[in-house]
Amino acid sequence: MADAPIKPSIDIRPARALRAPGTQKVAKGDGRAHLVTPGDVITADAGFMRGHGTYTDDGNLVASVAGVVERVNRLICVRPLNTRYNGEIGDVVMGRITEVQQKRWKVDTKSRLDSVLLLSSVNLPGGELLGQGVLVKVSPSLIRRSKTHFHHLASGASIILGNNGLVWIQPANSAVEAGGFVTDLEPVPISEREVISRLRNCVIILAHHRLSLSDTSVTYCYEASMAHEIKDITKPEISEEILLETRQRLLEQQG
């Protein structure tokens, strides 16, 4: 009688259980990013408090989402790499009007809930309401926080990097100095449209490869793309070449 075939055993365990004992990601205050995945032990120190994106297991602080470990004093949380936008005081955001009511507008700002804009606040100071341009949607985690999110680039266009993951690209001369909304229906010159289109493709390349967006990274990517036609720079083989040069220049800048 022939022997019955031996069925291989399958070991199904959480990813954390398959790691070597003692493996952990310790949150440090040295400014470096500490990436974790669900099940990673962040720290075994009982002195830390549990924040968003974490839970406790056998006295260890464990990540419940994939993201970057952030520490504020004794509080540890994990900021997800890809999530809906959570607004904070001082953020620069852009949105799309979804509903007009008697005294307020509902605005989609890519957050968990719709935002509210009172009609008395429609005319904002400094020219924040703009007309012609291109809107690009990226992950909010790619927008680097800085002192200003309004940038006039040497390429001849302006860009607004919204903390909520919306990037607005417009002609450099379209900002309204006195504030408030002004309808501008004048045709944009072809030269400016080409600049805006190239910047839009550069933002898409950076976002696709998960490179953080800033005026510096966008400028480097734009300059690296000048050797190619606008319609070609999003092709995989060309975008890889552009991204490699952009990363190299960013590394050189950081020293």
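The model shown is predicted, which means the values in this text are computed figures rather than measured ones.
For the atom pair CG of N164 and OG of S111, the computed distance is 7.5 Å after rounding to the nearest 0.5 Å. Interatomic distance, CZ of R249 versus OG of S217, reported as 11.5 Å (0.5 Å rounding).
Taken together through direct or relayed side-chain contacts under 4.5 Å among Ile, Leu, Val, Met, Phe, Trp and Tyr, V134 and I230 form parts of separate hydrophobic clusters. A chain of hydrophobic side-chain contacts below 4.5 Å, direct or via other Ile, Leu, Val, Met, Phe, Trp or Tyr residues, connects V65 to F48. Linking ILVMFWY side-chain heavy atoms closer than 4.5 Å, directly or via other members, places V100 and L117 in a single hydrophobic cluster. In the hydrophobic cluster analysis, where Ile, Leu, Val, Met, Phe, Trp and Tyr join through side-chain heavy atoms closer than 4.5 angstrom, M226 is grouped together with I196. If you chain together hydrophobic residues whose side chains sit under 4.5 Å apart, L142 and Y85 never meet in one group.
With hydrogens and angles ignored, the 3.5 Å screen pairs no side-chain donor or acceptor of H149 with any backbone N or O of I160. A donor-acceptor contact shorter than 3.5 Å links the side chain of N163 to the backbone of V92. The closest donor-acceptor contact from the side chain of N201 to the backbone of K231 lies at 3.5 Å or more, if one exists at all.
Side-chain atoms of T98 and V107, non-hydrogen and from C-beta on, never get closer than 4.5 Å to each other. Contact of the S141 side chain with the R79 side chain is registered, since non-hydrogen atoms from C-beta on lie closer than 4.5 Å. Between Y220 and Q253, the closest side-chain pair of non-hydrogen atoms falls below 4.5 Å. Under the 4.5 Å side-chain criterion, counting only non-hydrogen atoms from C-beta, V203 is in contact with L213. Within the 4.5 Å cutoff, side-chain heavy atoms of K106 are placed close to those of Q101.
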Would T246 and L211 count as a side-chain contact (heavy atoms from CB on, under 4.5 Å) here? Give the steps. CA-CA 10 Å; T246 302; L211 199 65; 4.3 Å; yes
Do L206 and L243 pass the side-chain contact (heavy atoms from CB on, under 4.5 Å) test, and can you show the C-alpha distance, the side-chain angles, and the key distance before you say yes or no? CA-CA 7 Å; L206 295 174; L243 190 72; 4.0 Å; yes
side-chain contact (heavy atoms from CB on, under 4.5 Å) between D108 and I97, intermediate numbers included: CA-CA 6 Å; D108 177 15; I97 305 299; over 6 Å; no
Show the numbers, then the answer: is there a side-chain hydrogen bond (donor to acceptor under 3.5 Å, both in side chains) between S239 and T234? CA-CA 5 Å; S239 64; T234 54; over 6 Å; no
Step by step, would you call L166 with K110 a side-chain contact (heavy atoms from CB on, under 4.5 Å)? CA-CA 8 Å; L166 296 180; K110 290 189 64 181; 3.4 Å; yes
Step by step, work out the salt bridge (charged side-chain N to carboxylate O under 4.0 Å, His left out) result for R96 and D114. CA-CA 10 Å; R96 185 182 297 275; D114 283 340; over 6 Å; no
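Of all the heavy atoms in T54 and S64, the pair that sits closest is N-OG, 3.5 Å. Smallest separation of non-hydrogen atoms from G47 and R74: O-NE, 3.4 Å. For the pair I238 and D232, the tightest heavy-atom approach, listed with the atom from each and the gap, is CD1-O, 3.4 Å. Across all their heavy atoms, V78 and A63 have their closest contact at CG2-CB, 4.2 Å. For the pair I169 and V136, the tightest heavy-atom approach, listed with the atom from each and the gap, is CD1-CG2, 4.5 Å. Taking both residues in full, the closest heavy atoms of A207 and V138 are given as CB-CG1, 3.6 Å, listed atom of the first, atom of the second, then distance.
Shown here is I190, whose CD1 atom has more than 12 heavy atoms of other residues, nucleotides or ligands within 6.0 Å. Taking a 6.0 Å sphere around CD of E229, one finds it holds 12 or fewer heavy atoms contributed by other residues, nucleotides or ligands. Atom CZ of R104 is surrounded by 12 or fewer heavy atoms from other residues, nucleotides or ligands within 6.0 Å. The neighbour count for H209 NE2, taken as heavy atoms of other residues, nucleotides or ligands under 6.0 Å away, is above 12. By the 6.0 Å contact criterion, NE2 on H52 is open, its count of non-hydrogen atoms from other residues, nucleotides or ligands being 12 or less.
Between the side chains of S225 and R198, at least one donor N or O lies within less than 3.5 Å of an accepting N or O. E252 and Q254 share no side-chain donor-acceptor pair at under 3.5 Å.
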